[in-house]
Undergrad: 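Take this structure first; my questions come after.
The model shown is predicted, which means the values in this text are computed figures rather than measured ones. Here is the naming used below: chain letters follow the sequence lines, and residue numbers restart at 1 for every chain.
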Protein chains: 2
Amino acid sequence: MSKGTFLGEFEQVVLLAVQRMDSQGYGMSIRREIEHRTGRGVSIGAIYATLERLEKKGFLKSWEGDSTPVRGGRSRRHFALRPEGGEALVRSQGMLDQMWDGVEIAGGPEVQ
Amino acid sequence: MSKGTFLGEFEQVVLLAVQRMDSQGYGMSIRREIEHRTGRGVSIGAIYATLERLEKKGFLKSWEGDSTPVRGGRSRRHFALRPEGGEALVRSQGMLDQMWDGVEIAGGPEVQ
DNA sequence: CCAAATTACTTCTATTTTGTAGAACATCTA
DNA sequence: TAGATGTTCTACAAAATAGAAGTAATTTGG
């Protein structure tokens with residue numbers, strides 16, 4: 001079982017943001033979700049590159065949304081998790097949990 | 001706050017393995033710890049490259065151990081976390097926790 | 001009422017940082 | 001000197017990052 005089976009750090013974040021937005025997410029909104037949720041600044045290029053990679057790997061799917069009636073009309077590309085994406089998330093976090101199990105960080109919190 | 005403040009996926013794993021071994025860890029043993037703990041196969045090159053990078057970033061420190069009295073004698077290079085490493089781990093996992101908060105994976109477990 | 005400005009979004013191009021593998025090399029003991 | 005245990009080196013693939021360029025709609029001003 002070498003690397004291919006685990007998600008990269010940012011891949012996890014993006015996949016989680018997609019899931020949070022429950023099939024309503026698209027590039028720009030996914031970016032906002034991550035920024036608001038974590039305080040982390042992300043470039044728009046990083047978002048789309050990662051979404052594309054995740055889709056190519058079969059972890060998520062996308063489709064064209066209806067062009068919206070708001071000003072600024074380019075149509076949105078929506079994203080949603082595939083079951084494989086959910087499994088990959090659970091597997092990746094599960095692996096980290098295994099590593100965290102019983103670990104104490106000096107001056108920090110003990111984790112399980 | 002752009003990327004520099006978060007650890008990569010494998011960086012987290014290696015840092016956690018170092019902490020698990022409580023200043024007793026060295027390249028080969030860190031590798032074994034990861035493999036036993038997660039079932040994930042890792043090349044020795046991956047381990048050392050990552051350890052070196054983490055040390056250069058100030059997340060851990062290393063020193064030469066006494067050459068051991070067991071057969072096969074090249075002396076070990078030991079590793080331990082620096083406070084910055086602990087902080088980075090807590091920060092990275094904390095960020096992931098923020099993203100996981102309230103997320104449900106279909107057919108999977110809900111995570112706080 | 002039409003052209004230009006504005007807005008919201010996605011694609012593209014380029015580069016740096018992480019992750020990965022395994023061969024080569026070093027050094028000890030039997 | 002053969003075998004065991006460890007680290008270093010070399011090379012390359014994949015992930016992460018930034019921002020400019022491109023696309024397509026709406027509004028606004030003359």
Undergrad: Taking the minimum atom-to-atom distance to the side chain of Arg76(A), which one of dC9(C), dA18(D), dT18(C) wins?
TA: dC9(C)
Undergrad: Applying side-chain contact (heavy atoms from CB on, under 4.5 Å), run through Glu9(B) and Ser92(A) and close with a yes or a no.
TA: CA-CA 9 Å; Glu9(B) 182 264 346; Ser92(A) 290; 5.9 Å; no
Undergrad: dA15(D), OP1 or OP2 - any side-chain N/O from Lys56(A) closer than 4.0 Å?
TA: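 Answer is no, no contact under 4.0 Å.
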Undergrad: Can you tell me how far C1' of dA16(D) sits from CD1 of Ile47(A), to the nearest Å?
TA: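 Taking CD1 of Ile47(A) and C1' of dA16(D), I get 11 Å after rounding.
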Undergrad: Please compare Gln12(A) and Ile44(A) by the position of their nearest nucleotide in DNA chain D and report the one closer to 5'.
TA: Gln12(A)
Undergrad: Are any non-hydrogen side-chain atoms of Asp97(A) and Asp101(A) less than 4.5 angstrom apart?
TA: no
Undergrad: Between His78(B) and Tyr26(B), how do the two ring planes meet: parallel, tilted or perpendicular, split at 30° and 60°?
TA: perpendicular
Undergrad: Between dA16(D), dT8(D), dG19(C), spot the one nearest the side chain of Arg74(B), thanks.
TA: dT8(D)
Undergrad: Could you give me the CA-CA distance, side-chain angles and deciding distance for Phe6(A) and Val13(B), then say whether side-chain contact (heavy atoms from CB on, under 4.5 Å) is met?
TA: CA-CA 12 Å; Phe6(A) 297 108; Val13(B) 170; over 6 Å; no
Undergrad: Check whether any side-chain heavy atom of Phe79(B) sits under 4.5 Å from a side-chain heavy atom of Met21(B), and report yes or no.
TA: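 No, side chains not in contact.
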Undergrad: Measure CD/Glu52(A) against P/dA14(D) and give the value in whole Å, please.
TA: 16 Å
Undergrad: Mind calculating the distance between CZ (Phe79(B)) and C1' (dG6(D)) to the nearest angstrom?
TA: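 In whole Å, dG6(D) C1' and Phe79(B) CZ are 12 Å from each other.
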Undergrad: Measure the distance from CG on Leu54(B) to C1' on dG19(C) and round it to the nearest whole Å.
TA: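 That distance rounds to 12 Å.
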Undergrad: Without decimals, in angstroms, what is the distance between Trp63(A) CH2 and dC9(C) C1'?
TA: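 Computing the Trp63(A):CH2 to dC9(C):C1' distance gives 17 Å.
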Undergrad: Just the rounded figure in Å: distance from P of dT16(C) to CZ of Phe6(B).
TA: 23 Å
Undergrad: Any chance CD of Glu35(A) has more than 12 other-residue heavy atoms, nucleotides or ligands included, within less than 6.0 Å?
TA: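 Yes, the 6.0 Å shell around CD holds more than 12 heavy atoms from other groups.
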Undergrad: Under a plain distance cut-off of 3.5 Å, with no hydrogens placed, do Glu64(A) and Ser75(A) share a side-chain donor-acceptor pair?
TA: yes
Undergrad: Nearest to the side chain of Arg77(A), which nucleotide is it out of dA15(D), dG19(C), dT11(C)?
TA: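 So the nucleotide nearest the side chain must be dT11(C).
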Undergrad: Where along residues 23-31 of chain A does a heavy atom come under 4.0 Å from DNA chain C, residue by residue in number order?
TA: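 Contacts with DNA chain C under 4.0 Å: Tyr26(A), Gly27(A), Met28(A).
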Undergrad: Give the rounded distance in Å between these two atoms: CZ of Arg32(A) and C1' of dA8(C).
TA: 9 Å
Undergrad: Mind calculating the distance between CZ (Arg53(A)) and P (dG19(C)) to the nearest angstrom?
TA: 12 Å
